[in-house]
There are 2 protein chains.
Amino acid sequence: MIARRDVFQAIADPTRRAMIGLLANKTLTINEVADNFSMSQPAISKHMHILTECGLVVMVKIGREKHCRANLKGLEEVTRWAGQYLVFWNQRLDALEDLLNADND
Amino acid sequence: MIARRDVFQAIADPTRRAMIGLLANKTLTINEVADNFSMSQPAISKHMHILTECGLVVMVKIGREKHCRANLKGLEEVTRWAGQYLVFWNQRLDALEDLLNADND
DNA sequence: TGTTTGCATAACCATTCGGTTATGAATTAA
DNA sequence: TTAATTCATAACCGAATGGTTATGCAAACA
């Protein structure tokens, strides 16, 4: 599965983040997804297409319906990237706290 | 500190992610940041401005120099958002694995 | 004091983005 | 077989994005 789209760019849009939230624990058709947003069906289709391009959503065509489910393993890249800096950052905060505590002793 | 810019949108650009990597453990001036990229100084300034708008970078003016340091606490929002789904996702994978193991018994 | 340095701002440009309406193809229902 | 449903695609639009060059201002240096 080759991600033709940067996952960071895919989740930059709040509508697409909401779509991921919707599909996290259930499979919905395109129309069912669209019911949750106040925008046209083609706009929904475009957003969903972008989510499939980076692998966060997988679509299975059944008859004339397209069933969409999330494939959230791709979010690991995001947590890994942000997480490394966050760990580092909290260590620095811890070090500062230690320093302050040492001063109090 | 009010974030006037969505942090997800700020980190969508790979150049800005690289800038965060640069500034994670050291303070650099705008020019020192610019030395690490092959684009014009105004382009660098714009990117850095966007990073300050969402609070991921703080700048202190000293004389004619502008010293930039990262403030990575804002990445918590990212890890929290992606993390919730990832935990959920791994639980589903674990459940699947348990199911497969049960079949093998 | 004149000149260089560090950075921002303005003006511009091409491309992408996020939306729309109109339409068409395929599948299902009547 | 005709009509309705599901979705994609095309064409279009305004605004935002990511870059450029030119320029100006303030601070530091000679």
Side-chain angles (χ1 to χ4, degrees), chain A residues 3-23 26-71 74 78 81, chain B residues 3-23 26-71 74 78 81:
Chain A
R4 292 162 297 167
R5 163 89 60 165
D6 187 335
V7 65
F8 288 92
Q9 199 261 330
I11 66 172
D13 185 84
T15 298
R16 287 195 291 268
R17 289 202 297 279
M19 286 172 166
I20 288 174
L22 258 181
L23 295 172
K26 52 180 176 289
T27 295
L28 296 178
T29 67
I30 293 281
N31 272 349
E32 286 167 342
V33 171
D35 287 342
N36 294 273
F37 300 91
S38 55
M39 63 179 72
S40 66
Q41 169 261 316
I44 301 292
S45 277
K46 282 189 191 179
H47 280 303
M48 293 298 294
H49 183 68
I50 289 172
L51 288 172
T52 60
E53 278 183 332
C54 68
L56 285 177
V57 164
V58 176
M59 302 209 260
V60 176
K61 197 175 174 185
I62 300 181
R64 66 184 166 187
E65 292 176 337
K66 222 156 183 180
H67 294 248
C68 314
R69 63 174 184 84
N71 178 24
V78 177
W81 180 83
Chain B
R4 292 161 298 168
R5 163 88 61 161
D6 188 332
V7 63
F8 288 92
Q9 198 262 330
I11 65 171
D13 186 86
T15 299
R16 289 195 289 269
R17 289 202 297 279
M19 286 173 168
I20 287 174
L22 259 182
L23 294 172
K26 51 179 176 290
T27 295
L28 296 178
T29 67
I30 294 281
N31 271 348
E32 286 168 341
V33 171
D35 286 343
N36 293 272
F37 299 92
S38 55
M39 61 179 74
S40 67
Q41 168 260 317
I44 300 293
S45 278
K46 283 189 191 178
H47 280 303
M48 293 299 294
H49 183 68
I50 288 172
L51 288 172
T52 61
E53 277 184 332
C54 69
L56 285 177
V57 164
V58 176
M59 301 209 260
V60 177
K61 196 176 174 184
I62 300 181
R64 66 185 166 187
E65 291 176 339
K66 221 154 184 179
H67 294 248
C68 314
R69 64 175 181 82
N71 178 24
V78 177
W81 181 82

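To find a chain, count down the sequence lines: A is the first, B the second, and so on, and within it residues start at 1.
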Atom pairs and distances, side-chain donor-acceptor, residues 34-41 of chain B, under 3.5 Å, sequence neighbours left out:
unit_1, atom_1, unit_2, atom_2, d
Asn36(B), ND2, Glu32(B), O, 2.8
Ser40(B), OG, Ala43(B), N, 3.4
Gln41(B), NE2, Ser45(B), OG, 3.4

Query raised in the report: For the pair made of CE in Met48(A) and P in dG18(C), what is the distance, rounded to whole Å?
Result: 15 Å

Run the side-chain donor-acceptor check on residues 54-68 of chain A: report pairs under 3.5 Å with partners two or more places apart or on a different chain.
unit_1, atom_1, unit_2, atom_2, d
Glu65(A), OE1, His67(A), NE2, 3.1

Report task. Please round to 10 degrees the angle between the axis of the first five pairs and the axis of the last five pairs in the helix from dT1(C)-dA30(D) to dA30(C)-dT1(D). Result -> 10°

Requested in this report: Whole angstrom is fine here: how far is it from CD1 in Ile44(B) over to P in dG18(D)?
Outcome: 13 Å

Query raised in the report: Looking at Ser40(A), does any N or O in its side chain come under 4.0 Å of the phosphate oxygens OP1/OP2 on dT20(C)?
Result: yes

Report task. Between protein and nucleotides 3-11 of chain D, map the contacts as a letter string: B base, S sugar-phosphate only, - none, heavy atoms under 4.0 Å, written 5' to 3'. Result -> -BBSBBB-B

Query raised in the report: Once you round it to whole Å, what is the distance between P of dG18(C) and CG of Leu51(A)?
Result: 11 Å

Query raised in the report: Are Gln9(B) and dT17(D) close enough that a side-chain N or O sits under 4.0 Å from OP1 or OP2?
Result: yes

Report summary line: Met39(B) atom CE is separated from dT17(D) atom P, nearest whole Å, by 16 Å

Query - Residue pairs fulfilling salt bridge (Lys or Arg N to Asp or Glu O under 4.0 Å) with at least one residue in residues 10-20 of chain A, sequence neighbours excluded - result: Arg17(A)-Asp6(B)

Query - Residues touching DNA chain C, which here means a heavy atom under 4.0 Å, drawn from residues 10-20 of chain B - result: none

Query raised in the report: What distance separates Leu51(A) CG from Thr15(A) OG1, expressed to the nearest 0.5 Å?
Result: 10.0 Å

Query raised in the report: At their closest point, which heavy atom of Val33(A) faces which heavy atom of Leu22(A), and how far apart are they?
Result: O-CD1, 4.3 Å

Query raised in the report: Given atom CZ of Phe8(A) and atom C1' of dT16(C), what is their separation to the nearest angstrom?
Result: 20 Å

Requested in this report: Show your reasoning for whether side chain to side chain contact (heavy atoms under 4.5 Å, CB included) applies to Met19(B) and Ile50(B).
Outcome: CA-CA 11 Å; Met19(B) 286 173 168; Ile50(B) 288 172; over 6 Å; no

Query raised in the report: To the nearest 0.5 Å, how far apart are CD in Gln9(B) and CD in Gln9(A)?
Result: 10.0 Å

Report task. Using atom NE2 of His47(A) as one end and atom P of dG19(C) as the other, report the distance to the nearest whole Å. Result -> 4 Å

Query raised in the report: Taking atom CD1 of Ile20(A) and atom NE2 of His47(A), what is their separation to the nearest 0.5 Å?
Result: 12.0 Å

